[in-house]
Participant: 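Can you read through this structure? Questions will come right after.
Numbers for residues simply follow the sequence, beginning at 1. Counting convention: from 1, in listed order, for ligands and their atoms alike.
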Amino acid sequence: MIDNFGRNIDYIRISVTDRCNLRCVYCMPEEGVENILHRNVLTFDEILRICRVLAQNGLKKVKITGGEPLVRRGVANLIKQIKDIEGIESVTITTNGVLLTEQYHNLVGAGVDSITVSLDTMDRAKYEKITRRDEFKKVIEGIRYAQRENKVRLKINAVPIYGLDETEILSLIDFARESDTDVRFIEVMPIGSGTEFESITEDDIRKVIEKHCGRLTLCEEIRGNGPSVHYSLDGFKGKIGFISAISHKFCDKCNRVRLTADGYLKTCLQFEAGINLMPYLREGKTDAQLLEALNFGISQKPKAHQFDQKENFEKREYRNMSQIGG
Ligand code: SAM
Ligand code: SF4
């Protein structure tokens, strides 16, 4: 599906729940947020229907996200069913890793194409400060378990906040030294609770890495669904990546839309632009009508985000990433 600016939309990030077992400071307030009522959360059948209609029209890649996707029962089964849809080339998942050890084999059995674990620091106390939960040990166990089993590609995503700590950056990239696990640094986005934080810049992280580990060499091969730029390092099996939506804007190449857990097709992180699909799913509409709605939603996709501008935009997104599906 081509949007109004000629971008081919072939990737959707689907939030299967807005609930989460962590409370990351840049993603959710301490007290949590008011959860979507169960009856207003998309059923797996509804998600599958949307995927089928989109796949008939060019969708190729699906990311399962949340909230924390592994807290929703049966998520591996959903992945398996999406994988079976004709035209879908990859289904991946991003998780905070707390439940990874126990769910790993279900995910692998479902045919998931990669697992991304979000981990911002290797310092246990800092982890607790960021996530407001004491789950560091479980996450590291999950990562180690996945590395040992090595049945599916594993990636680590880090949103570095709270100052540049060289030791920490180096311990995070150690995951890529030891095994073919890519480690990617993501700039914090000024959305919801994220507005209170500033990322350490890509340039600063690169300097630390190059000072200690040698030159980062740009990697031509495409790894992943979207905008991350990857580098190789001598002596490292995995790659180092950067996803810097603010300092290295990539909207002109944006190939994605998002589906929130309550059925809103969201076309840009910063704006509400999109369409509520619920009426098309629950009011007896045909697939042709659903496709029309999807096309309308995609036609609303803005040309670019405007995080660098300070004005108060009318249709700006005020929800947290956990509610949008990051
Ligand atoms: N709970 C899962 C996890 O943490 O991977 C999936 C959902 S989470 C919203 C997806 C990703 O969004 C995580 O890597 C998280 O670090 C990132 N994220 C959340 N809030 C963000 C923000 N304000 N800016 C940038 N990334 C953010
Ligand atoms: Fe939960 Fe992921 Fe948000 Fe952290 S980033 S609060 S783990 S949804």
Participant: Heavy atoms only: which of Glu196, Met189, Lys63 is nearest to atom 24 (N) of ligand 1?
Facilitator: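 Result: the heavy atom closest to atom 24 (N) of ligand 1 is in Met189.
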Participant: What I want to know is whether Glu68 and ligand 1 share at least one N or O pair that is separated by under 3.5 angstrom.
Facilitator: yes
Participant: Within 45 degrees of the ring normal and closer than 6.0 Å to the centroid, is that where the cationic atom of Lys129 sits relative to Tyr162?
Facilitator: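 Yes, a cation-pi geometry holds between Lys129 and Tyr162.
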Participant: Within the distance-only criterion (no hydrogens, no angle test), does the side chain of Arg7 pair as donor or acceptor with the backbone N or O of Cys251 below 3.5 angstrom?
Facilitator: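 Confirmed, Arg7 side chain pairs with Cys251 backbone.
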Participant: Looking only at protein heavy atoms, which one is nearest to atom 27 (C) of ligand 1, and what is the separation?
Facilitator: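 Checked against all protein heavy atoms, atom 27 (C) of ligand 1 sits closest to Met321 CE, 3.6 Å.
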Participant: Is there a nitrogen or oxygen of Arg13 sitting under 3.5 Å from a nitrogen or oxygen of ligand 1?
Facilitator: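 Min N/O separation from ligand 1 is not below 3.5 Å for Arg13.
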Participant: Atom 1 (Fe) of ligand 2 and Cys20: any N/O/S contact shorter than 2.8 Å?
Facilitator: yes
Participant: Side chain of Arg153, backbone of Asn150: donor and acceptor closer than 3.5 Å?
Facilitator: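 Answer holds: no.
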Participant: Only heavy atoms of Gly67, strictly under 4.0 Å: list the atoms of ligand 2 that pass.
Facilitator: 8 (S)
Participant: Assess Cys24: does it contribute an N, O or S atom lying under 2.8 Å from atom 4 (Fe) of ligand 2?
Facilitator: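 For Cys24, the answer is yes, given that an N, O or S atom comes within less than 2.8 Å of atom 4 (Fe) of ligand 2.
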Participant: Check ligand 1 against Gly194 and write out every atom of the ligand that is under 4.0 Å from a heavy-atom position of the residue.
Facilitator: 23 (N)
Participant: Given 3.5 Å as the limit, does a donor-acceptor pair link the side chain of Lys266 with the main chain of Leu259, or not?
Facilitator: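 Pair absent, no side-chain N/O of Lys266 close to backbone of Leu259.
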Participant: Just to be sure I read this right, does ligand 1 sit under 4.0 Å from the backbone of Val159, its side chain, both, or neither, counting only heavy atoms?
Facilitator: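 The part of Val159 near ligand 1 is the side chain, not the backbone.
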Participant: If you measure from each non-hydrogen atom of Thr95 to ligand 1, which part falls under 4.0 Å: side chain, backbone, both or neither?
Facilitator: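 The answer is the backbone.
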Participant: Does the ring of Tyr231 carry Arg206 above it, NZ/CZ under 6.0 angstrom from centre and within 45° of its axis?
Facilitator: yes
Participant: Is a side-chain N or O of Asp113 found less than 3.5 angstrom from the main chain of Val91, in a donor-acceptor match?
Facilitator: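 Looks like yes, one N/O pair under 3.5 Å.
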Participant: Among protein heavy atoms, which sits nearest to atom 13 (C) of ligand 1, and what does the distance come to when rounded to 0.1 Å?
Facilitator: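 Protein heavy atom with the smallest distance to atom 13 (C) of ligand 1: Ser118 OG, 3.3 Å.
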Participant: At what distance is the nearest protein heavy atom to atom 3 (Fe) of ligand 2, and which residue and atom is it?
Facilitator: Cys27 SG, 2.4 Å
Participant: So does Ala76 get a backbone contact from the side chain of Asn106, meaning a donor-acceptor N/O pair under 3.5 Å?
Facilitator: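 No; zero donor-acceptor contacts below 3.5 Å.
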Participant: Taking atom types as modelled, find out whether Asn21 and Glu68 have a side-chain donor-acceptor pair closer than 3.5 angstrom.
Facilitator: no
Participant: Is there at least one pair of N or O atoms, one from Gly67 and one from ligand 1, spaced under 3.5 Å apart?
Facilitator: yes
Participant: Closer than 4.0 Å to some heavy atom of Glu187 - which atoms of ligand 1 meet that?
Facilitator: 25 (C)
Participant: Any side-chain donor-acceptor pair under 3.5 Å between Thr101 and Glu141?
Facilitator: no
Participant: Looking only at distances, can you tell me whether any N or O atom of Thr65, backbone or side chain, sits closer than 3.5 Å to an N or O atom of ligand 1?
Facilitator: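 No - when backbone and side-chain N and O of Thr65 are compared with those of ligand 1, no distance drops under 3.5 Å.
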Participant: Hey, is ligand 1 close enough to Tyr26 that some N/O pair sits below 3.5 Å?
Facilitator: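 For ligand 1, there is an N or O atom that lies under 3.5 Å from one belonging to Tyr26.
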Participant: Check for a donor-acceptor pair, side chain of Gln103 on one end and backbone N or O of Leu100 on the other, with a separation under 3.5 Å.
Facilitator: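 Looks like no, no N/O pair under 3.5 Å.
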